Amino acid sequence: MDKEIIIVLDFGGQYNQLIARRVRECNVYCEVHPYSLSPDKIKAMNPKGIIFTGGPNSVYGEDSPLCDKAVFELGVPVLGICYGSQLMAHVFGGRVATAPVSEYGKTEVEVDTAKAIFKGVSSKTVCWMSHTDYIESVPEGFVVTAHTPVCPVAGMENAEKGLYAVQFHPEVMHTQEGITMLRNFVMNICECRGDWKMDSFVESAIRDLRERIGGGKVLCALSGGVDSSVAAVLLSKAVGKQLTCVFVDHGLLRKNEGDEVEAVFGPEGPYDLNFVRVNAQERFYGKLAGVTEPEAKRKIIGEEFIRVFEEESKKIGAVDFLVQGTIYPDVIESGLGKSAVIKSHHNVGGLPDYVDFKEIVEPLRLLFKDEVRKAGLELGIPDYLVFRQPFPGPGLGIRIIGEVTPDKVRIVQEADYIYREEIAKAGIDKELGQYFAAITNMRSVGCMGDERTYDYAVALRAVTTSDFMTAEAAQLPWDVLGKVTNRIVNEVKGVNRVLYDCTSKPPGTIEFE
């Protein structure tokens, strides 16, 4: 059966991969490609529809990303979002100008519910705006479908030509009825069947990996987290004993985590893997000594990971492929095409310039976190592994603000252990997308046992999210926060203050650095 596909053309915004994820929520396969993809290549992919993303540029800028007008003439519907909407207006002769009032954040938008893309949407709905330019006047043949008090064209369409545009971002969770709008585009306007399922991804991934790797030897960078665990099991299904999983304990793991990972994937675990554990704590601490800048820490950790893997591969002999659990949010936050770099992930932007492997294999690169978990369940991985808390590759190195030291590692390990323990006891762990403790670089005066203290402040973070591209700070019960605070201050030496982070994503990130 031919696979239906929606193509997202990337114009450099920060939510580009999230658009693809929203489309997949409709059980329709979706891929992201650079805006420069030629009309002929797009046509050869036989898409059911095309979506233009947002981006930071102005359509009048010298280096602004543009597209061939032929893309609009392929006979499939096109939806322009934010910059994509302005580009559509510009190409067809509308006027784009600097807005008298920029809009950023949640905004009430009036929409024409008689239009196909707004079917089932409230006539006044809250959407996420993020723009400086706006469409001042629509091209000939287009009609306005949405507006705000300061944005005369928050939506437009030329239904006859299958062209639709919105100034806001329907893909982010802050747009309350955004998924309805995207579903209207994908299912009603593009007429997709919605029959793409995760089992088909797993089957095709295993098949493709066997073909790609052939008889080569494979080294998998196993952290024990959700992503690398799913990648490891996927590869084991594909190539069996050709795979060796190397687990690097860099001394930046959560409390007891090194032993827990070995218990699952080591010789006594349920998986038939070649498993190697490398204890490299002192090596990483030495490299990080005196380093405080977050990007520098990420890149040092990323490079050192690779060097350890290279050394281990030489012991194994003639390893051709390095496997990593890279997923879509890693890619977009590390910079894709013209997208801005938010932070380098050790397995994407954190890689050194030279890597001594024939090829890097990233079988989960097209998936979001929830899709990775679905793939894990399809592979038969137990629930307790699939739904464990996400943990970044650089580990506690990016949950320690400032220089990484063994003492700070101890503090954050113990504080985080207490936090996770109390969240689980309260029975709210399944409600949260991610939660953890971090140590700030702030020290403050306190009073403990009638004595003055001058110790660190620990920050607690908890968010609700389904996609990890956007998130809201969780409103934890006050009694739970109180119990966690009391335990951390009383049980963790070197801490006399506990803070709770109430920042959403955006403007913050889920991790601290």
Side-chain angles (χ1 to χ4, degrees), residues 223-225 247-263 277-294 296-298 300-302 304-305 308 346 388-425 429 434-449 451-462 481-501 510-513:
S223 71
F247 168 56
V248 179
D249 186 344
H250 51 16
L252 300 169
L253 298 171
R254 289 171 287 204
K255 186 176 180 179
N256 302 328
E257 192 159 34
D259 294 338
E260 291 172 359
V261 170
E262 185 170 3
R277 177 175 178 173
V278 181
N279 293 313
Q281 295 91 334
E282 297 306 317
R283 175 174 179 168
F284 278 82
Y285 291 162
K287 290 286 185 178
L288 291 167
V291 180
T292 60
E293 205 280 319
K297 287 194 288 185
R298 285 178 174 273
I300 287 170
I301 294 168
E304 208 57 26
F305 261 115
V308 173
H346 78 285
R388 75 180 299 174
Q389 272 286 294
F391 192 62
L396 301 182
I398 57 171
R399 294 180 183 175
I400 295 172
I401 310 303
E403 183 183 7
V404 174
T405 66
D407 191 50
K408 283 185 176 180
V409 171
R410 174 194 60 79
I411 288 173
V412 76
Q413 282 180 333
E414 293 180 6
D416 183 72
Y417 186 84
I418 290 170
Y419 186 33
R420 289 186 290 124
E421 188 174 62
E422 291 299 332
I423 289 288
K425 282 182 182 178
D429 50 320
Q434 193 165 342
Y435 54 97
F436 58 87
I439 182 171
T440 71
N441 209 25
M442 181 186 82
R443 300 180 75 181
S444 63
V445 174
C447 180
M448 299 176 69
E451 293 185 1
R452 178 187 184 275
T453 61
Y454 188 61
D455 288 327
Y456 286 108
V458 161
L460 305 178
R461 180 85 162 130
L481 284 174
K483 188 177 293 185
V484 172
T485 298
N486 287 336
R487 284 195 60 192
I488 289 175
V489 171
N490 288 320
E491 297 176 31
V492 182
K493 183 181 178 182
V495 179
N496 67 359
R497 195 175 295 267
V498 176
L499 313 173
Y500 186 67
D501 182 0
I510 293 177
E511 293 292 342
F512 271 57
E513 292 190 335

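Keep in mind the model is a prediction, meaning the values are calculated, not measured.
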Taking atom [atom1] of [X] and atom [atom2] of [Y], what is their separation to the nearest 0.5 Å?
X: Q413; Y: R399; atom1: CD; atom2: CZ; value: 11.5 Å
X: I439; Y: D416; atom1: CD1; atom2: CG; value: 12.0 Å
X: H250; Y: L396; atom1: NE2; atom2: CG; value: 7.5 Å
X: E262; Y: F247; atom1: CD; atom2: CZ; value: 8.0 Å
X: R497; Y: I488; atom1: CZ; atom2: CD1; value: 14.0 Å
X: D429; Y: E421; atom1: CG; atom2: CD; value: 12.0 Å

Measuring only between side-chain heavy atoms, which start at C-beta, is [X] closer than 4.5 Å to [Y]?
X: Y456; Y: K408; result: yes
X: R298; Y: I398; result: yes
X: Y500; Y: T485; result: no
X: I411; Y: V495; result: yes
X: V412; Y: V458; result: no
X: V278; Y: D249; result: no
X: V404; Y: T292; result: no

Check: [Y] main-chain N/O paired with [X] side-chain donor or acceptor under 3.5 Å:
X: T440; Y: A457; value: yes
X: E422; Y: V484; value: no
X: R443; Y: Y454; value: yes
X: K297; Y: P394; value: no

**OP:** Consider only side-chain N and O atoms of N279 and R277, and report whether a donor and an acceptor are under 3.5 Å apart.
**Re:** yes
Heavy-atom pair with the smallest gap, counting every atom of [X] and [Y]:
X: V291; Y: A296; answer: CG1-CB, 3.8 Å
X: F284; Y: I301; answer: CE2-O, 3.8 Å
X: S444; Y: N496; answer: O-ND2, 2.9 Å
X: E513; Y: I400; answer: OE1-O, 3.7 Å
X: P406; Y: Y285; answer: CG-CD1, 3.9 Å
X: A437; Y: L460; answer: CB-CD2, 3.9 Å

Original post:
F391 and F436: aromatic ring centres closer than 6.0 Å?
Top reply: no
Original post:
Should R461 and F512 be marked as a side-chain contact (heavy atoms from CB on, under 4.5 Å) after you check the CA-CA gap, both sets of side-chain angles, and the distance that decides it?
Top reply: CA-CA 9 Å; R461 180 85 162 130; F512 271 57; 3.9 Å; yes
Original post:
Does R410 come within less than 4.0 Å of E414, counting only side-chain N to carboxylate O?
Top reply: yes
